[in-house]
Amino acid sequence: MSQVESVIVVGASAAGISCIRKLRNEGFLGSLVLVDKDQHGAYERPPLSKQILLELDTTHKDIALISDDELTELNIEAHYGDGARDVDPTSRTVTLESGKQLTADVIVLATGGEARRLPIEGADLSQVLVLRNYEDALNLRQRLTPDARVAVIGGGFIGAETTASLSKSGFFVHWLDAVELPMAHLLPQALCEKIVANTCAQGVELVTNCRIKKFAEQADGKVSILFENDSSIEVDAIVMGVGMTPKTPYFSEAIQSKILNQATGGIQVDENQATQFSGIYAAGDVAAVAQADGSTIRHEHWQSAQHQGERAAAAILNKELPETPVDWFWSDQGDLHIEMAGKILPTKEHLVTRLEGDWPVYFSVVDNRVIGAVSVNNPNAVRAAMRMIKNDIHVDPLQLADPELPLRKLMRG
Ligand SMILES: Cc1cc2nc3c(=O)[nH]c(=O)nc-3n(C[C@H](O)[C@H](O)[C@H](O)COP(=O)(O)OP(=O)(O)OC[C@H]3O[C@@H](n4cnc5c(N)ncnc54)[C@H](O)[C@@H]3O)c2cc1C
């Protein structure tokens, strides 16, 4: 493609904002338009299950991703509250909900995802909520009267965080999961048990292996959850924290089959975040990124979205791509700050436990190489693991497990 003179970024969140910042930092002087359907503009999503539920007067302004001043400084034309209805990648045209059409040399799709809803009778009741946008958080907060009881469905990180935050804020929480142990698909079992016990010790009532039959509105405005075993509970609000699905603007059928990754529903991109349509890029939770081994991965976490936005910007300007960081993720659950890096293999033969402080640190080790780590209230341990992963350091698992041996020594190999 000849010199890029205009870029439209659709989606003003972690990926979209890092992309526009990087474009300007790399010297792009052309027209830069930012589009987001959310009237509240660009804000951080991670605080929606944390700060927003812990400090109930927090507004979207407190969690803004970019200030109006910075937008002006960077000479960005921002359209908030008017989403991209459809995108034609062949003519590089974005049609907004308002009918306005925008064209550019390059379009970056950073549209993230939307919260999944379980297909249960009554799931469309106004008391049944999800948590993906600021508006969702406001809906939940509206229902948090001082004696409110909330049911949180889902044993992933968002369910765990929402449960812990609401409980810490003094609300009674029923935490419902369809399996035996929340987060067991994400973290080593012993660690999940300890984290979940910690959450339950704050007064949370955990119901595992639960099968929900339906939700039913009560005359007093509350909602009841009826289980398959005919038991029920009554709450003021239900939050479904059961994952997300990628959200793309409308594409014609012919385009869809070329631009979407069938397995993940995301937008298929290569290592440059480029789709097969010239000048069309995708980044963040919506992007299904081709890997060197032929597989495709769609990440759903902040660091990756942020990195992919920068990567797209560098690729657009034909600059050197930023180095791919070691995968890193955090989760705050009440007083617990959990960090993870790399790949956590829950299988016992690959797990090394280091009994350090109140919370063990777990490393995934394959062929004497650390490939992943998770810690609680001990970010330094995960930072050390990230260095080991990045530099492919040889470690002795016995030494790794020895809390007397400082990790910084092992980092050198
Ligand atoms: C409650 C919650 C807590 C989280 N906590 C953590 C955490 O602790 N740690 C962590 O690493 N990650 C966390 N995440 C995940 C992290 O927030 C996401 O990975 C990250 O926000 C993805 O960024 P993104 O830019 O790809 O997409 P998104 O943040 O989803 O943003 C997409 C943007 O595109 C806009 N958009 C969508 N469709 C259109 C359209 N058609 N036209 C215009 N605009 C559109 C949306 O309004 C939105 O602003 C959390 C997510 C949630 C929801």
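Remember, it's 1-based here, ligands and their atoms both numbered in the order they're listed. Everything numeric in this text was worked out from a predicted model, so none of it was measured. Count residues from 1 along the sequence.
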Problem - Contact partition for V286 relative to ligand 1, non-hydrogen atoms under 4.0 Å - result: neither
Problem - Which segment of E161 sits under 4.0 Å of ligand 1 when only heavy atoms are counted - result: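 E161 to ligand 1: side-chain contact only, backbone stays beyond 4.0 Å.
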Practice task
Determine, using heavy atoms of Q306 and all atoms of ligand 1, whether some pair is separated by less than 4.0 Å.
Solution key: no
Exercise for the section: Look at atom 4 (C) of ligand 1 and find which of P46, A110, G284, A84 reaches it with the closest heavy atom. Expected result: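 Ranked by closest heavy atom to atom 4 (C) of ligand 1, first place is P46.
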Exercise for the section: For atom 27 (O) of ligand 1, state which one of G159, S304, G112, G241 supplies the nearest heavy atom. Expected result: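 Result: the heavy atom closest to atom 27 (O) of ligand 1 is in G112.
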Could you tell me which atoms of ligand 1, counted from 1 in the order shown, lie closer than 4.0 angstrom to a heavy atom of [X]?
X	result
L131	1 (C), 53 (C)
S49	1 (C), 2 (C), 3 (C)
G11	33 (C), 34 (O), 35 (C)
G113	30 (O)
G83	42 (N), 43 (C)
V10	42 (N), 43 (C)
A305	22 (C), 23 (O), 26 (O)

No-hydrogen, no-angle side-chain donor-acceptor test under 3.5 Å, [X] and [Y]:
X	Y	result
T95	Q101	yes
S67	D69	no
Q218	S224	yes
S375	R354	no
D62	Q51	no

For [atom], what's the nearest protein heavy-atom neighbour? Residue, atom name and distance, please.
atom	result
atom 30 (O) of ligand 1	R132 NH2, 2.7 Å
atom 44 (N) of ligand 1	K37 N, 3.1 Å
atom 18 (C) of ligand 1	D285 OD2, 3.4 Å
atom 25 (O) of ligand 1	A15 N, 2.9 Å
atom 5 (N) of ligand 1	K50 NZ, 3.0 Å
atom 52 (C) of ligand 1	I158 CD1, 3.5 Å
atom 7 (C) of ligand 1	W330 O, 3.3 Å
atom 15 (C) of ligand 1	E300 O, 4.0 Å

Is the closest N or O pair between [X] and ligand 1 shorter than 3.5 Å?
X	value
L48	no
W328	no
P249	no
S13	yes
W302	yes
H301	yes

Mark yes or no for whether [X], through its side chain, and [Y], through its backbone, hold a donor-acceptor pair below 3.5 Å.
X	Y	result
D82	E97	yes
D236	V150	no
R24	N75	yes

Handout entry: Whether H60 and H40 hold their rings parallel, tilted or perpendicular, with breakpoints at 30° and 60°
Key =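 Correct class here is tilted.
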Without placing hydrogens or testing angles, list every side-chain donor-acceptor pair under 3.5 Å for residues 151-180, not counting sequence neighbours.
residue	atom	partner	partner atom	Å
E161	OE1	S49	OG	2.6
E161	OE1	K50	NZ	2.8
E161	OE2	K50	NZ	3.4
E161	OE2	S331	OG	2.8
E161	OE2	D332	N	3.3
T162	OG1	I158	O	2.6
T163	OG1	G159	O	2.7
S165	OG	S49	O	2.7
S165	OG	E161	O	3.0
K168	NZ	D335	OD1	2.9
S169	OG	L53	O	2.6
S169	OG	S165	O	3.3
H174	ND1	E205	OE2	3.3
W175	NE1	G154	O	2.8
E180	OE1	N209	ND2	2.6

Problem - CA sep, side-chain torsions, deciding dist, call: V235, Q127, side chain to side chain contact (heavy atoms under 4.5 Å, CB included) - result: CA-CA 9 Å; V235 292; Q127 298 90 339; over 6 Å; no
Exercise for the section: Applying salt bridge (Lys or Arg N to Asp or Glu O under 4.0 Å), name anything that partners E70, two or more places apart in sequence or on another chain. Expected result: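 Partners of E70 under the salt bridge (Lys or Arg N to Asp or Glu O under 4.0 Å) test: R21.
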Practice task
Work out which heavy atom in G112 is nearest to a heavy atom in V286; give both atom names and the distance.
Solution key: O-CB, 3.5 Å
Handout entry: Residues, nucleotides or ligands: over 12 heavy atoms within 6.0 Å of D220 CG
Key = yes
Handout entry: Option passing side-chain contact (heavy atoms from CB on, under 4.5 Å) with T275 (candidates I255, I280, L260)
Key =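 Testing T275 for a side-chain contact (heavy atoms from CB on, under 4.5 Å) against I255, I280, L260 leaves exactly one candidate, I280.
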